[in-house]
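One is the number of the first residue; the rest follow in order along the sequence. All ligand and atom numbering here is 1-based and tracks the order in the structure.
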Amino acid sequence: MDEKPKQASPVLADSAPNNPPPSKSILGIHPRRMSQPRAVLSKYLTIPRRKPGKFDDVRCNGWLDSMKASSPRKNLLKGRSFDFSSGDADSGYLSWMIKHPSALTSFEKIFEQAKDKKVAVFLDYDGTLSPIVDDPDCALMSDEMRSAVRDVAKCCPTAIISGRSRDKVSKLVGLAELYYAGSHGMDIIGPINSDDPDGHLGHVKVTYQQGKEVKLFQPAREFIPVIDEVFRTLVEITKGIKGAKVENHKFCASVHYRNVDENHWLPLAQRVYDAVAEDPRLRVTHGRKVLEVRPAINWNKGKAVEFLLQSIGLKDGEGVVPIYIGDDKTDEDAFEAVGKGGHGVGILVSAAPRETSASYSLEGPSEVMEFLKRLAKAGNNATPPHH
Ligand SMILES: O=P(O)(O)OC[C@H]1O[C@H](O[C@H]2O[C@H](CO)[C@@H](O)[C@H](O)[C@H]2O)[C@H](O)[C@@H](O)[C@@H]1O
């Protein structure tokens, strides 16, 4: 189904990788050589990457802290009565909740903000629609959640924006009426609208499920062989680490350490960083107990939201309220995108206080489902169906 884009993609180069590669390997594993000629991809790349140098403990501790913090602990305070004068950890949680109130208790306010406006809903998958589980292949969404999402999609355009490959996440969700962006937004299937001439945004028209014509946008298309190669390397170098799992998402690769003994997290991270250290085309980012190797391009879930809004014909503005719900660091770009101009609503799914650009919070997938049900009900009462 995938075709070659007719026009160059509008991808800009990143200013810096999220996490610069470390210096010399402590394990004696040398960075792999890529077979793909670098010149082919050079238009995307401006990131100055440091040559491997001295291994530094500060960076190492930084990784480890980041890896430890990457999946928040359950909020033990829920359901307790609070002593507002205590000044301990409880008050930290409370002040976070004041800054990022529950989207359920604030539902009326959110609905008021969306009233008489065009709403578009963007949903992350893992940790948002499905609970976090040890085996990524077992992260299934419930039928009840599926029907809540289906009902929302009946009243407003709805898209899934996931770190997983588009094929995988669309199979897991199983709703043909949604739009999908896989590989952290680097593989988008969106609608074609009349103000958006063919190829204008670097996309191609393709025939999708049930013969429907859709827009396919893959800004990192040229990286497929690069990711393929790094995936094979990652499988090889993590073979000896019990519990490590590597996934190929076509435009990025994930290295999971949720099932790896904590003492081996740092050596695992070191191997992953070493594998990309000398390649300016790649960068490493952190997700929930997962390291992601991604093309070093300026494209992320936030850009995918903007692209989809434009495709849907809802350019950002006062009349449009994009709602984004997600649980991960990679969702922060999307929270920023919907927060621009103060029109959109970002909702972080987290059971613990976290630095975020989202305005609201929900504790976990069951609260997400509750919110979606209320949204669908309110939307059905308030507006005619969008399609
Ligand atoms: O953007 P998302 O849809 O949230 O995808 C992000 C990553 O999700 C998956 O990993 C996470 O969920 C797994 C299943 O619950 C869990 O085992 C893992 O620890 C989490 O990181 C997926 O497997 C990754 O490839 C995605 O990048």
Just jot down the ligand 1 atoms closer than 4.0 angstrom to any heavy atom of [X], in number order.
X: V290; answer: 21 (O)
X: S254; answer: 24 (C), 25 (O), 27 (O)
X: A139; answer: 14 (C), 15 (O)
X: Y125; answer: 3 (O)
X: E247; answer: 22 (C), 23 (O), 24 (C), 25 (O)
X: D134; answer: 17 (O)
X: R288; answer: 18 (C), 19 (O), 20 (C), 21 (O)
X: E292; answer: 27 (O)

Centroid-centroid under 6.0 Å between F223 and F251 rings: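 Not under 6.0 Å, so no.
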
Within 45° cone and under 6.0 Å: K215 NZ/CZ vs F307 ring: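 Pair K215/F307 counts as cation-pi.
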
Nearest-option assignment for atom 18 (C) of ligand 1, heavy atoms, candidates H184, H256, H249: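 It is H256 whose heavy atom sits nearest to atom 18 (C) of ligand 1.
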
Shortest reach to atom 7 (C) of ligand 1 by a heavy atom, considering only D126, D124, I161: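 When every heavy atom of D126, D124, I161 is considered, D126 comes closest to atom 7 (C) of ligand 1.
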
Consider every N or O of [X] and every N or O of ligand 1, then say whether any pair is closer than 3.5 Å.
X: R258; value: yes
X: D135; value: no
X: I132; value: no

Heavy-atom gap P131 to ligand 1 smaller than 4.0 Å: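 In this structure, P131 qualifies as a contact of ligand 1 - some heavy atom is under 4.0 Å.
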
Joint hydrophobic cluster, V293 plus I237, side-chain heavy atoms closer than 4.5 Å: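 Looking at the clustering, I237 is in the same group as V293.
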
Under 3.5 Å: donor-acceptor pair, side chain of E332, backbone of T356: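 No.
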
Side-chain donor/acceptor of R146 to backbone N/O of V173, under 3.5 Å: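 A pair under 3.5 Å: yes.
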
Ion pair K242/D261, N-O distance below 4.0 Å: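 No, no charged N to carboxylate O under 4.0 Å.
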
Pair K301 + D331: basic N to acidic O under 4.0 Å: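 Judged by the 4.0 Å cut-off on N to carboxylate O distance, K301 and D331 do form a salt bridge.
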
For ligand 1, the portion of V133 having any non-hydrogen atom under 4.0 Å away: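 Answer for V133: both.
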
Ligand 1 contact on S162 by region, counting heavy-atom pairs under 4.0 Å: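 Both backbone and side chain of S162 come within 4.0 Å of ligand 1.
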
Whether H100 and W96 hold their rings parallel, tilted or perpendicular, with breakpoints at 30° and 60°: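 Answer is tilted, since the angle falls between 30° and 60°.
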
Over 12 non-hydrogen atoms of neighbours within 6.0 angstrom of CD in E213: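 Yes.
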
Evaluation steps, side chain to side chain contact (heavy atoms under 4.5 Å, CB included), between K303 and N300: CA-CA 5 Å; K303 304 258 180 202; N300 52 45; 3.4 Å; yes

